[in-house]
Amino acid sequence: MATERYNAPASEKHWQQVWDQREVFKTRTDTSKPKCYVLEMFPYPSGRIHMGHVRNYTLGDVLARYKRAKGFNVLHPMGWDAFGLAAENAALERGIHPATWTYDNIASMKAQLKQMGLSIDWDREIATCHPSYYVHQQRMILDMMAKGLIYRKSSKVNWDPVDHTVLANEQVIDGKGWRSGAIVEQRERLQWAFKITDYAEDLLAGLRTLDKWPEKVRVMQENWIGRSEGLLIRWKLDPETSPAQHAELEIFTTRPDTLFGASFMAVAPDHPLAKSMAEKNPELATFCDECRRMGTSAADLETAEKKGFDTGVRAIHPLDPTWKVPVFVANFVLMEYGTGAIFGCPSGDQRDIQFARKYNLPVIPVVVPVDEPARAQALNKIHEGIAFDGDGVMINSHFLDGMTPKRAYAAVAARLEEEKLSGAPVAARKVNFKLRDWGISRQRYWGCPIPVVHCGTCGIVPVPASDLPVTLPEDATFDVPGNPLDRHPTWKHVACPTCRKPAVRETDTMDTFVDSSWYFVRFTAPHAKTPTDAAATNYWLPVDQYIGGIEHAILHLLYSRYFARAMGVTGHLQKSLAEPIEALFTQGMVVHETYRRAGIDPPQWLLPTEIHFEGEGDTHTATEIATGKPATIGSIEKMSKSKKNLVDPDDIIANYGADCARWFVLSDSPPERDVIWTEDGVKGANRFIQRVWRIVDDVADIPIQGDEMPSIFSPDALALRKTAHKTLHGVSQNIEGLRFNVAVAGLYELTNALAAASKSGDGMSFAVREATIILVQLLAPMMPHLSEQCWERLGNHTLIADSPWPLADVALLIDDTITIAVQVNGKRRAELIVPRDLSQEDLQARALLLDTVVKAVDGKPVKKVIVVPQRIVNVVA
RNA sequence: GCGGACGUGGUGGAACCGGUAGACACACAGGACUUAAAAUCCUGAGGCCGCAAGGCCGUGCGGGUUCGAGUCCCGCCGUCCGCACCA
């Protein structure tokens with residue numbers, strides 16, 4: 001029968017329609033079945049899907065389809081992280097309303113995603129910018145405010161003095177506003193913030209239970225939370241040197257044991273003491289200003305040298321009232337961490353020693369190694385300006401001498417906790433965190449309005465539940481910078497809900513991380529009239545497998561963990577669901593070669609479609625099609641607009657089909673690593689698709705001889721059956737473990753075996769048909785359209801998407817004869833093919849008789865023989 | 001600087017608990033079919049020596065543990081990622 005090539009575009013369109021019409025992927029809460037919630041990070045509707053999306057959603061779809069076939073009730077939803085700055089930029093630059101821009105983008109990206117053939121329940125689609133979503137967010141936020149989880153906090157914002165607008169960090173480039181170019185100022189502003197720091201300890205402890213999260217992500221979150229134990233110590237300030245309102249200076253230290261090595265104190269430029277001293281000292285004021293200015297970019301910090309300014313203030317050492325220590329303002333002390341003040345112990349801290357040497361401050365060694373010559377070495381190094389921060393023994397430390405640093409720590413803490421300074425203990429133990437509270441106020445239009453009203457009489461008044469949602473005014477203007485809500489003529493003017501006097505709405509909107517911190521909860525009951533539905537959350541949560549990029553390792557995932565706890569406090573979520581994500585998988589990027597015009601600097605990048613290749617493999621060269629001039633093939637990098645190394649998923653789907661793109665991104669590279677997109681790889685994937693189709697087409701024409709399984713199988717037929725069932729077992733295991741590249745390799749092997757199988761022999765037609773059916777079923781999660789087409793061609797009238805996962809015949813997974821490697825002194829010398837159940841004694845005897853073994857032993861006495869059943873024999877001579 | 005991951009053929013990678021290293025794919029070479037090409041099919045291939053049989057070497061480098069190490073331990077080297085003056 002004449003074989004037609006598999007027509008991917010036609011087939012894919014057809015099967016997508018069938019799935020839609022039969023509502024195959026519609027999900028209902030059904031507590032009689034085990035559930036599986038598979039979730040990929042929802043996209044930002046930027047306009048077009050990219051290869052990263054293709055990879056992300058393919059990975060999730062394979063798992064979702066597999067679990068469905070395994071009998072799970074699968075929740076696999078999709079939505080849109082639809083608020084954000086880009087929509088407002090589009091409005092500003094192109095005069096399109098943010099809503100129009102966003103909803104248009106959603107429509108086109110949804111069409112693209114549908115072309116991928118994902119097993120998504122589109123009835124559950126949500127867009128965070130839609131009032132039907134954010135009304136619930138506003139309800140919860142009000143509940144959280146009522147529970148004291150949110151508070152008003154004065155914090156710094158980037159202020160553009162020309163555009164009169166607040167800038168996001170990404171809009172500040174080299175300390176200047178991205179549009180105006182004006183030097184950005186830091187301004188204090190009252191903002192709403194979540195008291196996430198109250199949960200620092202709990203969020204840290206919770207990490208230990210997340211054993212299905214990558215170690216890497218847990219470590220990153222742990223560092224971000226940054227717990228450290230130390231001592232708060234209040235130092236009396238010499239009244240002759242300090243302003244009246246500053247009688248003392250409180251510092252935080254993790255090393256109170258090194259207190260006798262103190263040679264200076266340092267405070268942050270924004271510390272109250274620095275500020276009051278600067279009032280009377282213009283030079284100090286200038287220094288503080290300089291420090292503030294360089295605080296903006298990480299690159300500056302990296303190269304900045306440690307600078308200080310002696311305030312003239314002297315602090316009195318808490319363990320020796322006769323000892324006075326100078327107080328500096330220093331550019332490396334952070335106001336946001338600890339108390340914004342430190343004491344410097346140069347001998348034990350590299351940063352402090354640099355500082356001390358620069359300003360001629362004493363360097364007193366206080367911890368040194370116990371034994372020589374290490375001690376002498378350490379002392380020498382300290383003398384040369386290299387701090388010693390190891391463990392050892394205390395010296396030069398009065399009553400601490402001879403103690404270990406650990407004991408000295410305890411001794412200092414015990415003593416200072418007892419001592420009093422103006423009636424209160426000098427020191428207190430304190431656990432400190434790097435984690436800061438989560439400020440959620442954004443001075444933007446395209447975000448969820450914070451539903452409160454500011455009243456001159458009543459203060460801050462929550463918008464009554466009956467008035468929710470507070471929606472965005474559609475007639476806002478975007479032609480000038482600044483917050484459109486703030487300058488809208490009428491929107492913010494309302495009557496106070498309490499006293500009915502004129503009042504104003506909050507014009508700040510929420511950080512979009514709030515939207516994404518609970519969308520996966522909303523998916524469990526997207527049409528509920530309340531934010532959540534207890535029955536649905538109880539059944540569906542936690543998310544069984546979450547898949548997304550590593551770039552969200554900290555903020556999104558930490559905020560989501562926090563938000564689940566906050567929702568627990570307000571009763572919107574079961575407290576047992578404090579960890580809402582059971583397993584996390586972080587995928588690698590899709591990367592591609594870069595191309596640029598040869599010999600031109602700065603580089604002029606070229607799209608892959610603008611390039612013509614000559615030669616093949618390692619020696620291929622590129623020319624620019626339009627000009628015929630040579631192009632340089634550059635490094636392999638993440639696909640990006642700036643480097644133009646983009647491949648449009650639409651082009652691939654149009655030319656090869658979605659299955660081909662899916663198969664490619666699953667092949668070769670393990671999903672957690674980067675995958676290199678190559679044209680050769682895509683062609684290879686396409687070849688495989690055609691090959692499968694040919695095999696299925698051939699097999700479909702073999703007449704079926706009854707339903708009965710033959711009683712006799714030729715050796716070849718048996719071998720094929722074993723390959724099929726072993727592949728079934730292996731592919732199942734590898735999908736469960738998300739080792740899709742290994743599963744793909746197994747499917748190639750089965751296909752190769754099937755293609756090579758003879759068509760005659762006892763039971764062969766049965767074996768071929770059986771193996772083909774298994775192959776198609778195993779391919780179904782990965783290439784669903786091709787599999788449906790093959791399934792139909794094989795005479796089925798059902799959908800493969802509705803078919804259960806096949807069961808492997810355990811008897812076929814075990815071989816009767818096995819190959820045993822025989823080693824002599826650990827080197828492989830021979831192979832033995834033996835019955836599986838051969839005794840160890842017989843195995844040993846047969847190994848010792850082998851010619852190659854006898855030769856290798858070379859007459860030496862055999863000391864012992866290691867026999868590992870069913871694996872190896874090692875003769876030691 | 002701190003933290004983490006990784007290092008296997010020409011390339012992407014496989015190798016479960018320490019048990020035949022290099023599955024599978026890409027690229028390459030040779031062949032078949034064809035007027036020709038495409039498509040398809042077959043064959044080959046870690047390195048070195050050898051006509052071959054076969055031998056030796058081989059998982060970044062150097063040690064160690066073990067009958068046996070890509071896998072475990074110690075020390076280096078390199079690459080990538082994250083955080084970054086955190087007291």
Side-chain angles (χ1 to χ4, degrees), chain A residues 3 5 214-220 222-224 226-228 230-231 251-255 258 265-266 268 295 298 301-302 304-306 330-334 336-345 348-352 354-355 432-434 550-551 553-554 588 616-620 664 667-670 672-676 678-685 687-688 690-691 694 730 733-734 737 739 741-752 755-756 819-832 852 863-877:
Chain A
T3 303
R5 284 177 68 80
E215 169 79 16
K216 184 182 187 165
V217 173
R218 283 185 292 167
V219 169
M220 280 164 79
E222 201 176 306
N223 292 340
W224 188 260
R227 183 184 196 276
S228 58
L231 217 53
I251 57 106
F252 175 72
T253 178
T254 55
R255 295 296 301 275
T258 64
M265 316 283 290
L301 285 177
E302 224 170 307
E305 63 170 320
K306 282 130 194 64
N331 63 351
F332 59 86
V333 179
L334 306 175
E336 294 79 18
Y337 186 76
T339 62
I342 62 162
F343 83 86
C345 174
D349 183 301
Q350 194 53 37
R351 189 189 54 198
D352 291 351
Q354 279 174 26
F355 191 83
N432 226 341
F433 295 94
K434 285 190 217 171
I550 186 76
E551 66 273 18
I554 299 176
E616 277 172 339
D618 307 332
T619 56
H620 71 304
F664 177 85
S667 310
D668 284 356
S669 290
E672 68 275 15
R673 283 198 223 167
D674 291 350
V675 61
I676 305 170
T678 61
E679 188 67 16
D680 283 332
V682 178
K683 285 181 178 156
R687 270 202 299 276
F688 178 70
Q690 297 300 340
R691 191 159 181 239
R694 272 198 309 277
Q733 297 279 300
N734 286 320
R739 292 179 298 271
N741 57 319
V742 187
V744 163
L747 288 163
Y748 271 112
E749 279 181 276
L750 177 56
T751 308
N752 290 344
T819 309
I820 302 279
V822 182
Q823 298 180 332
V824 178
N825 293 329
K827 264 187 195 305
R828 186 176 69 90
R829 293 294 174 185
E831 280 179 356
L832 266 179
T852 45
K863 288 182 203 140
K864 65 174 162 178
V865 180
I866 312 273
V867 180
V868 182
Q870 292 170 35
R871 282 203 183 272
I872 207 160
V873 177
N874 189 11
V875 180
V876 186

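Naming convention: chains lettered A, B, ... in sequence-line order (proteins, then strands); numbering from 1 in each chain.
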Starting the side chain at C-beta, find the nucleotide from [options] nearest to [X].
{"X": "A:V876", "options": "B:C67, B:G4, B:A14", "answer": "B:C67"}
{"X": "A:L334", "options": "B:C86, B:C26, B:A14", "answer": "B:C86"}
{"X": "A:N223", "options": "B:G13, B:G3, B:G12", "answer": "B:G3"}
{"X": "A:P670", "options": "B:G13, B:C41, B:A21", "answer": "B:G13"}
{"X": "A:I342", "options": "B:A14, B:A87, B:G4", "answer": "B:A87"}
{"X": "A:W224", "options": "B:A87, B:C83, B:C41", "answer": "B:C83"}
{"X": "A:Y337", "options": "B:A87, B:C26, B:G13", "answer": "B:A87"}

Residues in salt bridge (charged side-chain N to carboxylate O under 4.0 Å, His left out) contact with A:E215, at least two apart in sequence or another chain: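 Scan of A:E215 (salt bridge (charged side-chain N to carboxylate O under 4.0 Å, His left out), adjacent residues dropped) gives A:R218.
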Taking the [atom1] atom in each of [N] and [M], what is the distance between them to the nearest angstrom?
{"N": "B:G63", "M": "B:U71", "atom1": "P", "answer": "15 Å"}
{"N": "B:G54", "M": "B:C42", "atom1": "P", "answer": "26 Å"}
{"N": "B:G70", "M": "B:G55", "atom1": "C1'", "answer": "24 Å"}
{"N": "B:C77", "M": "B:C51", "atom1": "P", "answer": "44 Å"}
{"N": "B:A84", "M": "B:G46", "atom1": "C1'", "answer": "43 Å"}

message: Are the side chains of A:R829 and A:V822 in contact, using a 4.5 Å heavy-atom criterion?
response: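 No, their side chains stay 4.5 Å or more apart.
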task: With sequence neighbours left out, write down each residue that passes side-chain contact (heavy atoms from CB on, under 4.5 Å) with A:T819, or none if nothing qualifies.
output: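 A:T819: side-chain contact (heavy atoms from CB on, under 4.5 Å) contacts with A:E831, A:I833.
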- request: Would you please classify the geometry between the A:F355 ring and the A:F332 ring as parallel, tilted or perpendicular, with 30° and 60° separating the classes?
  value: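 Because their plane-to-plane angle is over 60°, the rings of A:F332 and A:F355 count as perpendicular.
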statement: Encoded 5' to 3' (Watson-Crick or G-U under 3.5 Å; [ ] crossing; | other strand), RNA chain B becomes (((((((..(((......[....))).(((((.......))))).((((....))))..(((((..]....))))))))))))....
message: Is it the case that B:C67 (base atoms only) and A:K864 (side chain only) share a donor and an acceptor within less than 3.5 Å, ignoring hydrogens and angles?
response: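 Not at all, since no donor on one side and acceptor on the other fall under 3.5 Å apart.
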task: Figure out the CZ/C1' separation between A:F343 and B:C86, and round it to whole Å.
output: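 Checked: the CZ to C1' distance equals 15 Å.
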